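See below for the structure under consideration.
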Amino acid sequence: MTDASNTTNDSTGTDAFDGDGAFESDDVVARVLASAEARSAGSAHFSSGIFASGAQALQTETGAAAFSDGEQLDRDDRNALRRVPSLSTELEDVTEVEYRQLRLENVVLIGIYMQGSVDDAENSMRELAALAETAGATVLDGLLQRRPNPDPSTFLGSGKARELAGIVQALGADTVIADTELAPSQRRALEDVVKVKVIDRTAVILDIFSQHAKSREGKAQVELAQLQYLLPRLRGWGDSMSRQAGGQVGGAGAGMGSRGPGETKIELDRRRIHTRMAKLRKQIAAMKPAREAKRANRRRNAVPSVAIAGYTNAGKSSILNRITHAGVLVENSLFATLDATVRKNTTADGRIYTLADTVGFVRNLPHQLVEAFRSTLEEVADSDLIVHVVDGSHPDPAGQIATVRDVIGEVGARDIPELIVFNKSDLIDDDARLVLRGLEPRALFASARSGEGIDELLATIGEMLPDPSLAIELVVPYDRGDLISLLHEKGRVISTEYVETGTLVHARIAADLEALFSAYRAPAGALEA
């Protein structure tokens, strides 16, 4: 990351921060006064240092426990192409070379906050910086403005847009990223002012998804979301294509002969996009029976399912790997894994259940992605228990919880039992634990890296899994050990006792297994005797 110089601009009401997010002055009084001045001025100018922590989302690696993550077969492929900008030997004068390397984009972030929501705005900007870095860009600077509503023309307002243009030119940035979804007209107007490409938060998230999608279904879902986002943002070529006109309507009174074919190119692009979207929807629908067959098989065998859901980079895949050694890709980036991964596990009393790792969520998750990944999110809607993983070291865990619960509600899973797990407990102190305990009194603390709390998590999952509906008492002959094994595998054995005629068992089973054990029903009161 290239550091931007820290400057203080009194005329524009912007204040610079150092690399730790604090003011450069060591004087406490000056720091307080400067902070008050920055808030009253209505904007805050961030240097690259404030983004170095990656919004508390891209934290520093502290020694990976590789054995707990299984074989990371996808990591080498993900890291096969990495660019180190400072080691580039590319010539500055592009006329001296015939081919140039693909450059990393240097970006400046912009955002708007309303009165009383400065901390939320800064957390959102840090998260946007982490998203940009995950997408492969280098964050140079960021600008926050306080105003009640975005400007309908240039988002920031004409004065701040001109100030942004000066920052972009001074830093040599080639892209501006807005921390919201811009209207097409706002994006075009802002591009006209800053003279570089302008994109929004949704475009960055879609770009990350397109890079990380691996499966055929995942790629189709991402492409569908990208096309849904692109469709209302198609731009015509203006005067380079003639428009339909004639008679006295023609430009400058051109009269007859000025009638042209119209902007056929943009209409053709729209038609092609609609055709491609229809094809993708059919492909995704055709993949649904395979998933339904797998779920039906699990339901038929009365196998409970547990879905691991949570904010992106909260450690969902690490939790799954720690429990099952699944080898799912674990990487310190946002949306590292998109495809659902299902693994089998067993409770302490022998019951089998499945664990499903799902796609992560983020604040302001594009609606197109929620719709496109609805088939993947069905793992959450069809589960018997949701293990909601929260990054305990994040500065805004309450915001993470609210965001995830909103998306869970959108997919119709609000009534499913939920178990909150504060992951990364090895990175938080006792005071932070008290705050988190007050936020969610029944939550568990765990660390996928150190293994803390994993045993308690597994025990709690076993307690919260739904019991089979039918309670039975059996006397199973000693030569039918297969039935005892079946009871442990597909039911819940509450107690066993060995008597002269066989094994006296008190268990709960699914109703469709009752006929299999009907011949071994114990006499009434056998267990009491």
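What you see is a predicted model; the values in this text were computed from it and never measured.
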Looking only at non-hydrogen atoms, find the nearest pair between [X] and [Y] and report the distance.
{"X": "Arg414", "Y": "Asp406", "value": "NH2-O, 4.5 Å"}
{"X": "Thr134", "Y": "Gln211", "value": "O-OE1, 4.2 Å"}
{"X": "Asp384", "Y": "Pro304", "value": "OD2-CA, 3.2 Å"}
{"X": "Ala413", "Y": "Ile386", "value": "O-CD1, 4.0 Å"}
{"X": "Ser447", "Y": "Asn423", "value": "CA-OD1, 3.5 Å"}
{"X": "Ser450", "Y": "Asp426", "value": "OG-CB, 4.3 Å"}

Exam field: side chain [X] to backbone [Y], donor-acceptor pair closer than 3.5 Å:
{"X": "Arg322", "Y": "Arg449", "answer": "yes"}
{"X": "Glu105", "Y": "Ala135", "answer": "no"}
{"X": "Asp200", "Y": "Leu182", "answer": "yes"}
{"X": "Arg187", "Y": "Ala183", "answer": "no"}
{"X": "Ser210", "Y": "Asp207", "answer": "yes"}
{"X": "Thr403", "Y": "Gly399", "answer": "yes"}
{"X": "Thr358", "Y": "Ile308", "answer": "yes"}
{"X": "Asn345", "Y": "Thr354", "answer": "no"}
{"X": "Glu191", "Y": "Val198", "answer": "yes"}
{"X": "Arg433", "Y": "Ser425", "answer": "yes"}

- Query: Cut-off 3.5 Å, side chains only: do Ser317 and Asp357 have a donor facing an acceptor?
  - Reply: yes
- Is the CG atom of Asp415 crowded by more than 12 outside heavy atoms at less than 6.0 Å? no
- Which of these, Gln228, Gln283, Lys279, Arg276, sits in a side chain to side chain donor-acceptor pair (under 3.5 Å) with Glu223? Arg276
Could you check whether any side-chain heavy atom of [X] comes within less than 4.5 Å of a side-chain heavy atom of [Y], counting everything from C-beta outward?
{"X": "Val176", "Y": "Lys197", "value": "no"}
{"X": "Tyr113", "Y": "Asp120", "value": "no"}
{"X": "Ile177", "Y": "Val204", "value": "yes"}
{"X": "Glu418", "Y": "Arg405", "value": "yes"}
{"X": "Leu419", "Y": "Leu457", "value": "yes"}
{"X": "His388", "Y": "Val421", "value": "no"}
{"X": "Val404", "Y": "Val390", "value": "no"}
{"X": "Tyr311", "Y": "Asp391", "value": "no"}

Electrostatic pair [X]:[Y] at N-O distance under 4.0 angstrom:
{"X": "Asp396", "Y": "Arg363", "value": "yes"}
{"X": "Arg201", "Y": "Asp179", "value": "yes"}
{"X": "Lys424", "Y": "Glu452", "value": "no"}

- Message: Does anything in residues 423-453 form a ring-ring contact (aromatic ring centres under 6.0 Å, His included)? List the pairs, not counting sequence neighbours.
- Response: Phe422-Phe445
Can you measure from [atom1] ([X]) to [atom2] ([Y]) and round to the nearest 0.5 angstrom?
{"X": "Ile284", "Y": "Arg216", "atom1": "CD1", "atom2": "CZ", "result": "10.0 Å"}
{"X": "Met277", "Y": "Leu231", "atom1": "CE", "atom2": "CG", "result": "6.0 Å"}
{"X": "His394", "Y": "Asn123", "atom1": "NE2", "atom2": "CG", "result": "6.0 Å"}
{"X": "Thr460", "Y": "Leu465", "atom1": "OG1", "atom2": "CG", "result": "10.5 Å"}
{"X": "Gln226", "Y": "Ile273", "atom1": "CD", "atom2": "CD1", "result": "11.0 Å"}
{"X": "Leu143", "Y": "Leu156", "atom1": "CG", "atom2": "CG", "result": "6.5 Å"}

- Can you check side-chain contact (heavy atoms from CB on, under 4.5 Å) on Arg442 and Ile420, steps first, answer last? CA-CA 8 Å; Arg442 301 175 59 185; Ile420 296 285; over 6 Å; no
- Would you check, one step at a time, whether the test side-chain contact (heavy atoms from CB on, under 4.5 Å) holds for Ile461 with Leu385? CA-CA 8 Å; Ile461 290 176; Leu385 173 66; 4.2 Å; yes
- Message: Determine whether Phe155 and Leu164 satisfy the following criterion, side-chain contact (heavy atoms from CB on, under 4.5 Å), listing intermediate values before the conclusion.
- Response: CA-CA 12 Å; Phe155 180 67; Leu164 175 63; over 6 Å; no
- How far apart are the C-alpha atoms of Ile112 and Leu144, what are their side-chain angles, what is the distance that settles it, and do they pass the side-chain contact (heavy atoms from CB on, under 4.5 Å) test? CA-CA 6 Å; Ile112 286 178; Leu144 269 176; over 6 Å; no
